[in-house]
Amino acid sequence: MRVAKNCCYMKVTNDKYRLPVAVADSADELARLVGTTKNTVLSSISHGTGTYEKVELK
């Protein structure tokens with residue numbers, strides 16, 4: 001599995017503040033932390049829905 005460098009995946013609160021609930025280095029790791037599937041995390045990110053985000057780090 002290839003992990004993109006300089007990014008992280010987060011589950012955030014579903015309000016205007018979008019505060020982090022869980023942070024991980026990969027979508028797979030985040031899915032395990034929050035009890036869902038990697039597919040759910042990636043789909044939510046690509047469609048811009050839900051409470052998952054991919055954050056590019058500099």
For the atom pair [atom1] ([X]) and [atom2] ([Y]), what is the distance rounded to the nearest 0.5 Å?
X     : Y     : atom1 : atom2 : result
Glu56 : Asn6  : CD    : CG    : 8.0 Å
Lys54 : Leu42 : NZ    : CG    : 8.5 Å
Thr13 : Arg18 : OG1   : CZ    : 7.0 Å
Leu33 : Tyr9  : CG    : OH    : 14.0 Å
Asp25 : Cys8  : CG    : SG    : 7.5 Å
Leu19 : Met10 : CG    : CE    : 9.5 Å

Donor-acceptor pair, side chain of Ser46 and main chain of Ser43, under 3.5 angstrom =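 Answer holds: yes.
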Are the side chain of Thr51 and the backbone N or O of Lys11 linked by a donor-acceptor pair below 3.5 Å?
->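 Answer holds: no.
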Atom of Ser44, atom of Gly50 and distance for their closest heavy-atom approach =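 Heavy atoms only, the tightest pair is OG-CA, 3.6 Å.
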Do Leu57 and Val23 belong together in a cluster built from hydrophobic side chains that touch within less than 4.5 Å?
->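 Yes, because Leu57 and Val23 connect within a single hydrophobic cluster, where side-chain heavy atoms sit under 4.5 Å apart.
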Treat each ILVMFWY residue as a node, draw an edge where side-chain heavy atoms are under 4.5 Å apart, and state whether Val12 and Ile45 are in one component.
->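 Different hydrophobic clusters.
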Is there a donor in the side chain of Ser26 and an acceptor in the side chain of Asp28, or the other way round, less than 3.5 Å apart?
->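 No.
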Counting heavy atoms not belonging to Asn39, are there more than 12 under 6.0 Å from its CG?
->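 Incorrect, the count does not exceed 12.
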